[in-house]
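What's counted below: heavy atoms across the whole structure, side chains too, no hydrogens, waters or symmetry copies.
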Amino acid sequence: MNASDEPIIEPKRRIQFAFTDEQEQFRSAIRRFLNDKSPTTEVRRLMATAEGYDPAVWRQLSEDLALPGIHIPEQYGGAGFGMVELCIVTEEFGRALLCAPYFSTAVLAANAILNSCTEAQKAALLPDIAMGTRRAALAITEPDGNWDPAGIEVVATRDADGYLLDGVKSYVVDGHTADLLIVAARTPETISLEGLALFTLDAHASGVERRLLEAMDPTRKIARIEFRRAHAKLLGNLDGGAKPIVRTLDQAAIALANEMVGGAQALFDAAVNYAQLRVQFGRTIGSFQAIKHRLADMLLDVELAKSAAYYAAQAAAADDPEWPALASLAKAAASETYLQTAIQCIQIHGGIGFTWDNDTHLWFKRAKSSEVFLGQPVYHRELLMQRWGV
Amino acid sequence: MSKVNEADIRAEVREWIAANWNPDMSLVEWRGKLADSGWGMPQWPQQWYGRGLPLALARAVEEELSNVGAVSVAKSGVRLLAAATLLEHGSDLQKKKFLRRILTGEDTWCQFFSEPGSGSDLAGATTRADLNGDYWIINGQKVWTTSAHHADHGLLLARTDWDAPKHEGMTFFVIDVKQPGVDVQPLKQMNGHASFNQVFFTDAKVPAENRVGDVGEGWKVAMTTLAHERRGADGLPPPSKRGTRVGRIHAEERAETEKANQPYKWYPQRAGRVDLVIDRAKETGANRDTNVRQEIARLMIMAKSAEWTARRARAAQQQGRPQGPEGSLGKLAASNVARAAARVHTLITGTEAMLTGGASPRDGIIAEILVSVPAVSIAGGTDEIQRNIIAERVLELPKEPRFDTGPFRNVRKN
Ligand SMILES: Cc1cc2nc3c(=O)[nH]c(=O)nc-3n(C[C@H](O)[C@H](O)[C@H](O)COP(=O)(O)OP(=O)(O)OC[C@H]3O[C@@H](n4cnc5c(N)ncnc54)[C@H](O)[C@@H]3O)c2cc1C
C-alpha cells in the first residue's frame, strides 16, 4: 500500500466501495418481497396492533429468504454471510418500514449470542433463531435510558443451577413478544464495566413481568421488563465482561445506521416525487429554486450518511480495528440526516405532510425514535472522539 | 359626538353596567344587551351595534367591563373576522341578519378558503359557484377548516368566472354550513389530534342575497378577512381569567371557551415550549452537561431575540411609525425557534424521546412537542412563502416570473 492516507493497520479484508452483483441481487429480492408484503397500508395495520408484526410475513422472510440467519455461520443453521449483508437487509427494512421483530432477533440477540456464547450454547440457541422459529430480544438499557453498559444495575446472583436476575430493563425492542430474552446484568458488588455478563432465560419464566410501552414510533414496539428472582443462565463465561455487550451494541449501531439511511432514502424519494407533482402558482413546486436547492441539499445529506453507514458495515465485516469508532460515526451521521430529511420531507409536502393520512409521519416518527435509540448523536460523537484517542 | 373624552365615556359605561349587569342572566341575554347598547363593540359604527368610538376608548370600555367581572360579547374563532368582513363589504340585509347573532355567540363561524389544490396559492381556488335562479350552487372541496364541525355559517371563496385571470374570477359568499350539500369530515393530524376539517360541497346552496361584495370581487373581500386574521394571530380565545367567578353567566362562558379550545390543546406545543426547556434540564440533571448547556443557551438567545424583535415591531406600530423589516420576520423566527426547541428537548430527554402519550415526560407534553413542531413552518404561510415576502416586499428584489396569468381556465393546476 503506498497512499499515505490509507489506514496504518491493514484490515483482514479490503473495504469494498461498491456492492457486488450478488449483493445487489440480494437487495432486489428483498425489495420485491417488501413491495409485496409491506406496503404502508400493512405498516399502518400492524402498527396499531400490540404484537406489531405479521407472523405469516415473518415466516416467509425466514423460510423463503432466510433473513434472520443471514449473518449466522452455516454450522449454526445460518446463511453464513456477514455484516454487509445484514446491513443490506436492515437498509431495505428501514426503507419499507417493515414491522417485524428483525432488529431485535437478528441484529441484537443473534449477535449477542455470537459474541458471548460457548460453542455448545451457540449450537443450542442459534439454529431456531436462524430459522425464525424463535424470536429473541436483548435487554441492556434500563429505565434511565443510558446506553453505556457501565450504568447497568440489574443484578445476577449465583444460584444452585444458574443465576437469579433482579432489576428493571426498559426500551427492550420487541421485548413483549419475544420467546427468548437475553439480559445484560452484573454480578453483585461490581461497578462500571466490571462484573458484566449476558444471561438468557425464557421470556415466560416466572419472575419476569413484561409491559408494552407507548412508543413514539408505533412501528417498532418497545417494552419494559421487570425481573424478580428470575432464573437465568450465563452466556459464555464471566471473563468476557463488558466486551460482548459493547461489541453487540456497536454492531447494532451500524445496522441501525443502515436502517436509517434506508428510511431517509424513502423520505427523499417521496419529497422529490411530490415536488414534481404538486402545482402552485401555475407551476410545479419543484420548479421553485427554494425547493430545488433544498432537495439538492437533502440528496447531499442522504448520500453522505449512506457512505458512512456502508463504510462502517464494510469495516466491521473486514474486522478493521477502527470499526467500533466507525459504528459511532455512522450512527451519529445517520441520526441527524434521517431526522432532517423527515423534517424537510414534511415541509415540502406542506399541510398535507402534517396529516395522519399522509405517510410521511410514519418515517418521521421512526427517525425521531432512532435518533435516540442506542444513544443520541452527542453520545456517539463523544464515543468517536474517545475511540479515536482524541 | 364630536369630542369624546375618556372620563365621560368611563362614567357613562359604568352607569350602564350598574343598571344592567347581573351574573345570573343567561349568556345570550346579557350579550344581547351589550350588543344593542353598543358597549359590546364600541369601535363599531353606531348603526351597527357600536358607538363609533376610537380604539383607545373602546379599550377603556373593555376595562370598565372587566373591572366588575362582566363578560364581553363573543369574540372567539372566526366570528370577528366574519364581522369585520361584513362591516366592510356586506349589505345592510347581511349585517342585520348576522352581526347581532355573532356578538351574542349564538352563531359560530368558519372560513372556507384553503383547498387541497391551493394552499400557498390561495387565489388558485377551484371550488365553483354557479348561479341558478335565486341560488348559487356550490361544488368543490375546502380543507383545514377550523370549527367547521360546529359552525353555523362559513365565509366562502369560490370561483365564478373561469375565463378571468385568477384573482378576478372569484366571488365571496356566506354559506349555511348545516345543509345537506355540505359534508364536514375531521382531518386527523400526525400528532393524533383533529383540529381541522375537510369539507366537501356537493350542490350546496347559497341564496343570492348571501353574496358578499360584487361578482368577481371575491379576492378583494377575502383580503379584508385575511388582514384581520393576521392582526389577531390564531383567533383563539385567551384562557379565561374568570375561572373562579360564580354565576350562571360565568359557567356558560367557561363551557363555551372549553368547547372552543378542545381541539387546539396542542397549539402551545407546536411553538416548541421554550418555557419548559430550563426546568426540564434541571429536573433531568441534563443541566450539568456542557453540551446541553451550550444548546440551551443558543436556543434562549434565539428565542429572546425573536421575542424582542416582535416587541420592536409592535412598539413601532403603537407609535404610528412605519414598521421596519422587523415586522415581517416574526413568522420565520418562530419556525426557527420551534425547531431548535424540539432539538433541545430531544437532547435533554434522551432515550425517553422514544416514548409517547402518558409514558412520555410531563404527561406526554414532550412527545407532543416533537410531533407538533413541524406545523409551525407550514400553517399560516410556509417558511418559503415568508422568505418570498421578505425578499420581494421588504427587500424589493425582482419578483419571480409568473406562470399563472391569463384566463384561469388555462392556468396549470393540480
Ligand atoms: C397545523 C395547520 C393548521 C392550519 N390552519 C389553517 C387554517 O386555520 N386555515 C387555513 O385556511 N389554512 C390552514 N392551514 C393550511 C396552511 O395555510 C397551508 O397548509 C399552507 O399555506 C401551505 O399550503 P399547502 O399545504 O397547500 O402547501 P403548498 O402550497 O402546496 O406547498 C408545498 C411546498 O411548496 C412550497 N412552495 C409553495 N409555493 C412556493 C413558492 N412560490 N416558492 C417556494 N416554495 C413554494 C411550500 O413552501 C411547501 O414547502 C393549516 C395548516 C396546518 C399544517
Side-chain angles (χ1 to χ4, degrees), chain A residues 141-147 170-171 173 213-218 220 222 224 277-285 287-291 294 339 342-343 345-358 360-362 364-365 368-379 381-382, chain B residues 114 116-121 123-124 143-144 166 187-192 194 196 198 289 291-292 295 339 342-343 346-347 349-360 364 367 370-375 377-379 382-385 387-388 400 402-406 410-414:
Chain A
T141 308
E142 302 184 354
D144 67 357
N146 184 0
W147 293 95
S170 195
Y171 310 101
V173 177
L213 293 170
E214 278 182 274
M216 154 72 61
D217 168 19
R220 174 138 60 210
I222 48 178
R224 180 183 192 277
L277 289 178
R278 176 72 172 171
V279 174
Q280 290 291 277
F281 303 99
R283 54 201 275 196
T284 53
I285 57 168
S287 75
F288 292 116
Q289 253 179 21
I291 302 291
R294 167 159 297 151
L339 186 69
I343 290 171
C345 185
I346 292 177
Q347 184 67 21
I348 287 173
H349 278 80
I352 197 87
F354 192 66
T355 60
W356 187 267
D357 285 348
N358 184 271
T360 309
H361 74 99
L362 305 178
F364 175 92
K365 289 169 185 169
K368 198 23 120 179
S369 175
S370 303
E371 181 190 3
V372 297
F373 175 43
L374 303 180
Q376 323 197 32
V378 273
Y379 171 77
R381 285 192 292 259
E382 175 56 32
Chain B
S114 292
S118 57
S120 298
D121 180 19
V143 75
W144 301 113
K166 69 181 200 178
L187 187 63
K188 191 171 168 188
Q189 296 128 217
M190 64 179 271
N191 60 10
F196 312 98
Q198 41 188 343
D289 180 330
N291 281 313
V292 177
E295 291 301 320
R339 261 196 301 264
R343 250 178 64 92
T346 306
L347 188 62
T349 304
T351 307
E352 278 188 292
M354 290 177 79
L355 303 174
T356 193
S360 164
L370 304 180
V371 293
S372 298
V373 156
S377 48
I378 298 169
T382 67
D383 278 6
E384 289 71 30
I385 295 299
R387 291 194 186 97
N388 284 346
E400 282 274 310
R402 294 213 75 118
F403 291 74
D404 55 353
T405 51
N410 302 335
V411 171
R412 187 164 172 204
K413 304 172 194 69
N414 284 294

Quiz item: At what distance, to the nearest 0.5 angstrom, does OG1 of B/T351 lie from CD of A/E142?
Solution: 12.0 Å
Quiz item: Where does A/L277 contact chain B at under 4.5 Å (heavy atoms): side chain, backbone, both or neither?
Solution: backbone
Quiz prompt | A/L213 side, atom CG; B/T356 side, atom OG1 - distance, nearest 0.5 Å | solution = 11.5 Å
Quiz item: Which residue out of B/S120, B/A359, B/G358, B/A123 racks up the most heavy-atom pairs below 4.5 Å with chain A?
Solution: B/S120
Exercise. Under 4.5 Å, counting heavy-atom pairs only, tell me which of B/A342, B/G357, B/S114 racks up the most with chain A.
Key: B/G357
Quiz item: Side chain, backbone, both or neither: which part of A/F354 has a heavy atom under 4.5 Å from chain B?
Solution: both
Practice problem: Name the region of A/F364, side chain, backbone, both or neither, that has any atom closer than 4.5 Å to a heavy atom of chain B. | Solution: side chain
Quiz item: Does any N or O in the side chain of B/E352 come within less than 3.5 Å of the main-chain N or O of A/G145, such that one atom is a donor and the other an acceptor?
Solution: no
Quiz item: For the atom pair CZ (A/R278) and CG (B/D121), what is the distance rounded to the nearest 0.5 Å?
Solution: 9.0 Å
Quiz item: Measuring heavy-atom distances to chain B, does A/A215 have an atom under 4.5 Å in its side chain, in its backbone, in both, or in neither?
Solution: both
Quiz item: Just by distance, do the side chain of A/E214 and the backbone of B/S360 share a donor-acceptor pair under 3.5 Å?
Solution: no
Practice problem: Among the options A/G351, A/A290, A/P377, pick out the one with the most heavy-atom pairs lying under 4.5 Å from chain B. | Solution: A/G351
Exercise. With the side chain counted from C-beta on, respond yes when B/V373 and A/I343 share a heavy-atom pair under 4.5 Å apart, and no when they do not.
Key: no
Practice problem: Let me know if B/L187 has heavy atoms under 4.5 Å from chain A in its side chain, its backbone, both or neither. | Solution: side chain
Quiz prompt | Min side-chain heavy-atom separation A/T284-B/R412 under 4.5 Å | solution = yes
Quiz item: With no hydrogens and no angle check, is any side-chain donor or acceptor of A/Q280 less than 3.5 Å from a backbone partner on B/G117?
Solution: yes
Practice problem: Pick one of side chain, backbone, both or neither for A/E371, based on which atoms fall under 4.5 Å of a heavy atom in chain B. | Solution: side chain
Quiz item: Rounded to the nearest 0.5 Å, how far apart are CG of A/L339 and CG of B/L370?
Solution: 9.0 Å
Quiz prompt | Heavy-atom closest contact (A/F281 atom, B/F403 atom, distance) | solution = O-CB, 4.0 Å
Quiz item: Is it the backbone or the side chain of A/Y379 that comes under 4.5 Å from a heavy atom of chain B, or both, or neither?
Solution: neither
Practice problem: Check step by step if side-chain contact (heavy atoms from CB on, under 4.5 Å) holds for B/V292 and A/V378. | Solution: CA-CA 9 Å; B/V292 177; A/V378 273; over 6 Å; no
Quiz prompt | OG1-CD distance between B/T346 and A/Q376, expressed to the nearest 0.5 angstrom | solution = 7.5 Å
Quiz prompt | Distance (rounded to the nearest 0.5 Å) between A/T355 OG1 and B/K188 NZ | solution = 11.0 Å
Quiz item: Closest heavy-atom contact between A/G282 and B/V411?
Solution: CA-CG1, 3.9 Å
Quiz item: Sub-3.5 Å donor-acceptor pair from the side chain of A/K365 to the main-chain atoms of B/M190, do we have one?
Solution: yes
Self-check item: Heavy-atom proximity to chain B below 4.5 Å, by part of A/R294
Solution: side chain
Exercise. Provide the closest heavy-atom pair for B/Q189 versus A/W356 in the form atom of the first, atom of the second, distance.
Key: O-CE3, 3.4 Å
Quiz prompt | Side chain to side chain, B/I378 and A/I346, heavy atoms closer than 4.5 Å | solution = yes
Quiz prompt | Check: B/V371 and A/M216 side chains under 4.5 Å, non-hydrogen atoms | solution = yes
Exercise. Please look at B/N388 and chain A and tell me whether the side chain, the backbone, both or neither of the residue comes under 4.5 angstrom of a heavy atom of that chain.
Key: neither
Quiz prompt | Most chain B-contacting option - heavy-atom pairs closer than 4.5 Å, from A/G350, A/S287, A/S170 | solution = A/G350
Quiz item: Side chain of B/N414, backbone of A/V279: donor and acceptor closer than 3.5 Å?
Solution: yes
Quiz prompt | Heavy-atom side-chain proximity of B/E384 to A/Q347 below 4.5 angstrom | solution = yes
